[in-house]
Amino acid sequence: MRSMIHGSVALLLSSSLFASAAWSDTAALRGVYVGDIDASVEPCDDMFQHSNGKWHRENPVPASQPRWSRRWEAGEIAKDQLRTILEAAARSNAPAGSSERQIGDFYAACMDESALNRLGVRPVQPLLDRVDAIRQPADLQQAIATLHAVAIDVPFRLHAESDSHDPTRVIANIAGAGRGRGLPDRDYYLSSEPRFEAARDRYKLYIAKLLQLAGTSAEKAKAAAETVLRMETQFARASLDNVSQRNPKAMDNQRSFAELRKLTPTFDWQAYYGASGLQPGDVNVVELRLMEEFDRQLRSTSLADWKTYLRWHVLDSAAPSLSAPFVQEEFDFRSAYLRGATQIRPRAVRCAEATDIALGEALGQKYVEQYFSPEAKARAQTMVDNLRLALRETIEELTWMTPPTKARALEKLAAFQAKVGYPDRWKDYSSVSIRRDAYWESVLAGRRFAVSDGRATINRPVDRSRWDMTPPTSNAGYRALRNEIIIPAGILQPPSFDMQAVDAVNYGAIGSVIGHELIHGFDDKGSQYDGQGRLNNWWAADDLANFKSRGECIVQQYENYFVEPGIHHNGRLTLGEAIADQAGVRLAYRALKISQRGKPAAPMLDGLTPEQQFFISWGQFRGDVERPEFARSMMQSDNHPTGKYRVVGPLSNLTEFQQTFACRAGQPMVRPAPQRCEVW
Ligand SMILES: [Zn+2]
């Protein structure tokens, strides 16, 4: 019943969007969503409220969501599109091994909830048996390799990454950062603040409940939860904190295979590599202390405790793919307790997401055929070109940077690669064994493929055509080691990017996103890599000092933004995102002007100038409202500021915005000159 209600709501939303697209063919292109604006609040007082106030009043955060805006709403609509594709694939009689058959069978297996409910814990029993069969230290080490092969990363993961000293080749990377731990962040384990203590108690409850569902007695489950928390706390203590995880130098620890063996002498890397089909070679160890702690626990933690820890992580990893009680417990902890949602999302939406994770490029191929036209790709690519030009002009005009550093910055910009929409070459999933009658086995097959497909690139030249985001993803990214931006088809959709919208609206939304991703190559972290993706300082000393003090201004600005008294943004954690937002919107504004060069002036629309539309579009794109639980958890473990400050933060520094709306000194969206921040 619940899912039917949600289904009809989603349908209503999508049909209204499609309707507006249909009439726009004959009418003029659309502007901003004027109906969303709260005209009682002036842009110069609070641009976030002005751009979205009416929409927020009429669209409270749905019970199943941790945050909400037009953008997240569109993300849910996109999942309905995926669902339509998947339902058709599940009904089709496509030949075995074809990508249509693979995605159809995977989705159908996921949707068969009653079969999963009959099976209970049984699908995961073979992995649990594998853990139970551990009798001696060598068994434990083999079990760790087995679990890593299906992406159960206890307590680290080994994956492929470009070598930061020679990015033309791929090496093994051993990463800890939150792997093998169930709480979101290091401080959740170590802080004595009551809210973190409460989260630890709630986590122990979750551990005990899942173990009980798997047949452990209540008493033993309770003791097991203590064991898991104790081991994970020791791993957390040896881990980098969230700010250090943004420091590339702290994570650059290249070792030879012999040195790796010396770092963790108790662990048999030869056997691990053999079991994983890997050839020994250089490896980057992201967290040295964590690996030392791993070795220490191999020596000093009992096999019985290790088995408890592994058993727990098998169950936690499988829970969303098992019967309803497992799904419910996982939801109650991760989505409800940590993020504030009160209702689980419809099964079809979760199954569409699971298919995207397992077989993303097979599903993505169908998705772009239907929802991403060649015209859309061409228009997006033109925007990328204009954004690059805007950044080039910006660098050339900088007053605080000397010519030699400018020349290096321009070199880096020229070497940028932009991936737009979808890969040129699709992954071949024909070897993945998907079974319509066995969902968890199919999930494991997808994971096995992903892990081995990635690891197969280790010790080889880098393949720059590979994508690490799926085409339907409603997000974008920058990869410093490859100096590339990725803008998947999933974010090149309304309201971020709309073929039926005027340029001012598209530049305000997706244009600012493209600018944001380009600037990640020049934020506090990305600026430490050169155009080839090498961790290599290309800055003259004075220029670097100047850049850092400009960043410090942004740190101070965001430290003052809070979600509730006492819970502030961590300015150092959010610095990269804040620099990218600040400069991204400015670049996009400049790119809009570039796109208008040599053309007649764009007319007013809905009583708004193109410049006004541009800034309202950014305000609407970033119009997220977060639930308090989610906002609190973001402050701790997310390096993005909350929606409100992604609008207010950058624009209150920006003369272009203030001129557009004729803001006066003293208004909240006008930071006084001495406090004003500008990096790029
Ligand atoms: Zn970002």
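Ligands are counted one by one from 1 in listed order, and the atoms in each one are counted from 1 as well. Values reported hereafter were calculated over all heavy atoms of this structure, with side chains retained and with hydrogens, waters and symmetry mates removed.
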The Zn ion (ligand 1) neighbourhood, protein N/O/S only, threshold under 2.8 Å: His516 NE2, His520 NE2, Glu577 OE1, Glu577 OE2

Whether Tyr589 and Phe615 hold their rings parallel, tilted or perpendicular, with breakpoints at 30° and 60°: parallel

Residues that Asn639 engages under side chain to side chain contact (heavy atoms under 4.5 Å, CB included), provided they are two or more places apart: Arg246, Leu573, Glu577

Parallel, tilted or perpendicular, as decided by the 30° and 60° cut-offs, for the rings of Phe333 and Tyr337: parallel

Parallel, tilted or perpendicular: ring planes of Tyr188 versus Phe196, cut at 30 and 60 degrees: perpendicular

Within 45° cone and under 6.0 Å: Arg482 NZ/CZ vs Tyr478 ring: no

Stepwise salt bridge (charged side-chain N to carboxylate O under 4.0 Å, His left out) test for Asp530 and Arg408: CA-CA 8 Å; Asp530 67 19; Arg408 298 277 185 72; over 6 Å; no

